[in-house]
Amino acid sequence: MTKICLLLLVIVILVAPSPGQNSFLEGHDSNRTALSVYVDRAGKSLVTGYVEDIKGLDFLSSSHYRYKDETNQLYALTDSLTSKHGENWTLRFASEGYYDEYHVKFLLPGETRLRKIICSAGLEYIVYTSNDSFAAEIMGYDLWNPTNILEYQMPLEEAPGNNASSGADFSFLLVAVLAILCIFIVAIWSRRMSIARFIKAASIAGSVEPDLHVGASVPETAQIKEAVVPVEQSSDADEHEEDSQQAGAAASIRRERIAVTREMAAVMEVLTARERAVLEALIKHGGRMTQADIRYETGTPGSSLTGILASLERRKIVIKKEWGRTNVIELSEWFLSEKEDS
């Protein structure tokens, strides 16, 4: 009987929470976080998202960041999350304190080779590809001091004298030159066709000879209308009209070039080459352009540009607004802000 009582006492002691933990939980508010961590090839990270209490994020002490208390939005730039040895990288993301909801998404370059993911107790993760990035999403509930460690590899850069690399670069250059020549030939052909249609319309207009006495005034609009109607019905004329509307929209929103601050340059460093090209075009044109003008300015295919703008909009760097048949892309207030919080 005595042994049974002692066994029950031990079980009660082990199961019951400590008094200090009970008192902490009773007076502790909910703490939720949902962050996205974008890591570039050089190991620099852009951290954005929602977090109710930033005191547990130790990496902020050595980072440039902004935190808005009213919206709980965090924007941080840091190189303290990663370390490198040869082609092996280690990303360590640790948080102190209690979290009743925890969600962190890591996005690494697409060529990343993941070696290992180590998570603290209570965390689960999924791995997948997103656009041109390699993603690892980690989540959990009712956690103490959650910690994530990602070990991965990045291919080393080829040496300048490598023959295979030189051959690949030459092939790429040759393809690029051929593509530019094709575009140039198509542009000249389209222009010649437009001139031919204009000459044909003018000749039709000149062949109209109204029955009027010498000295009478000839209504020019009556002659031109009959000759121009067939041309307006072509698809090329419709495309020209749409381009004119977009050009008018772009002209009405054109601004002066924006001065690039140190904080803006730091954000651009962690973006891909195509994302930087879009931001550079927006900065050049005053922070606002139509989506069509961005495509022409940067030479980015339409389908790729849609994904790039969606990625930048998700990171709160740009804002997309509808404008007639096209979209207007603006740099966000956060990106243009020159304030730096300590």
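Keep in mind the model is a prediction, meaning the values are calculated, not measured. Throughout, residue positions are numbered sequentially from 1 according to the sequence presented.
Between Thr82 and Lys84, every side-chain heavy-atom pair lies at or beyond the 4.5 Å cut-off. Taking the side chain as every heavy atom from C-beta outward, Trp323 and Thr290 never approach each other to under 4.5 Å. Considering only heavy atoms from C-beta on, Thr298 stays 4.5 Å or farther from Arg274 through its side chain. No side-chain heavy atom of Thr78 sits less than 4.5 Å from a side-chain heavy atom of Tyr65. Side-chain atoms of Val267 and Trp334, non-hydrogen and from C-beta on, do get closer than 4.5 Å to each other. Met289 is not listed as a side-chain neighbour of Ile329, based on a closest heavy-atom distance of 4.5 Å or more. At least one side-chain heavy atom of Arg315 sits under 4.5 Å from a side-chain heavy atom of Leu271. Ile149 is listed as a side-chain neighbour of Thr90, based on a closest heavy-atom distance under 4.5 Å.
Using a distance-only test at 3.5 Å, with no hydrogens or angles considered, no donor-acceptor pair links the side chain of Arg66 to the main chain of Tyr75. Between the side chain of Asp100 and the backbone N or O of Asn31 there is at least one donor-acceptor pair closer than 3.5 Å. Put simply, the side chain of Lys284 never gets that close to the backbone of Gly286: no donor and acceptor are under 3.5 Å apart. In terms of modelled atom types and a separation under 3.5 Å, the side chain of Ser133 and the main chain of Ala135 share no donor-acceptor contact. Side-chain atoms of Ser304 do not come within 3.5 Å of backbone N or O of Thr300 as any donor-acceptor pair.
By the rule that hydrophobic residues join a cluster once side-chain heavy atoms approach within less than 4.5 Å of another member, Leu77 and Val260 end up as members of one cluster. Tracing side-chain contacts under 4.5 Å through hydrophobic residues (I, L, V, M, F, W, Y), one reaches Leu114 starting from Met154; they form part of the same cluster. Clustering ILVMFWY residues whenever any of their side-chain heavy atoms sit less than 4.5 angstrom apart, transitively, puts Val127 in the very cluster that holds Leu108. Cluster membership for Leu74 and Met139, using ILVMFWY side-chain heavy atoms within less than 4.5 angstrom, is not shared.
Within the model, atoms OG of Ser337 and CZ of Phe335 stand 11.0 Å from one another, a figure rounded to the nearest 0.5 Å. Between the OG1 atom in Thr147 and the CZ atom in Arg92 there is a gap of 5.5 Å [rounded to 0.5 Å]. Considering CZ of Phe93 and CG of Leu57, their distance stands at 5.5 Å, rounded to 0.5 Å. Rounding to the nearest 0.5 Å places CG of Asp40 at 7.0 Å from OG of Ser45. The CE atom of Met264 sits 4.0 Å away from atom CD1 of Ile283, with the distance rounded to the nearest 0.5 Å. The distance from the OG1 atom of Thr33 to the OH atom of Tyr50 is 9.0 Å, given to the nearest 0.5 Å.
Closest of all the heavy-atom pairs between Val39 and Pro109 is O-CD, 3.2 Å. Leu312 and Leu279 get closest at one heavy-atom pair: CD1-CD2, 4.3 Å. When every heavy atom of Phe59 is checked against every heavy atom of Ala76, the shortest pair comes out as CE1-CB, 4.3 Å. The minimum heavy-atom distance linking Glu52 with Tyr67 is given by the pair O-OH, 3.4 Å. Closest of all the heavy-atom pairs between Ala281 and Glu297 is CB-CG, 3.7 Å. Scanning all heavy atoms of the two residues, the minimum distance from Leu336 to Leu331 falls at CD2-CD1, 3.7 Å.
Neither side chain, Asn88 nor Tyr152, offers a donor N or O lying under 3.5 Å from an acceptor on the other. Glu322 and Asn327 share no side-chain donor-acceptor pair at under 3.5 Å.
The number of heavy-atom neighbours closer than 6.0 Å to NZ of Lys55, taken from other residues, nucleotides and ligands shown, is 12 or below. Open room surrounds NZ on Lys44; 12 or fewer heavy atoms of other groups in view lie less than 6.0 Å from it.
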### Message
If you apply the rule side-chain contact (heavy atoms from CB on, under 4.5 Å), what do you find for Leu143 with Ser120, and how did you get there?
### Response
CA-CA 9 Å; Leu143 304 170; Ser120 55; over 6 Å; no
### Task
Check the pair Leu309, Gln291 against side-chain contact (heavy atoms from CB on, under 4.5 Å), reporting the backbone distance first and the verdict last.
CA-CA 9 Å; Leu309 293 177; Gln291 186 167 337; 3.6 Å; yes
### Task
Please lay out, stage by stage, how Ile308 and Ile294 fare under the test side-chain contact (heavy atoms from CB on, under 4.5 Å).
CA-CA 11 Å; Ile308 292 170; Ile294 293 176; over 6 Å; no
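Note on residues 107-124: pairs passing salt bridge (Lys or Arg N to Asp or Glu O under 4.0 Å), not counting sequence neighbours, are Arg41-Glu111, Glu87-Arg113.
Hydrophobic cluster membership of Tyr128, counting Ile, Leu, Val, Met, Phe, Trp and Tyr whose side-chain heavy atoms lie under 4.5 Å apart directly or via other members: Ile126.
Under the side-chain contact (heavy atoms from CB on, under 4.5 Å) criterion, Ile319 pairs with Lys321, Ser332, not counting sequence neighbours.
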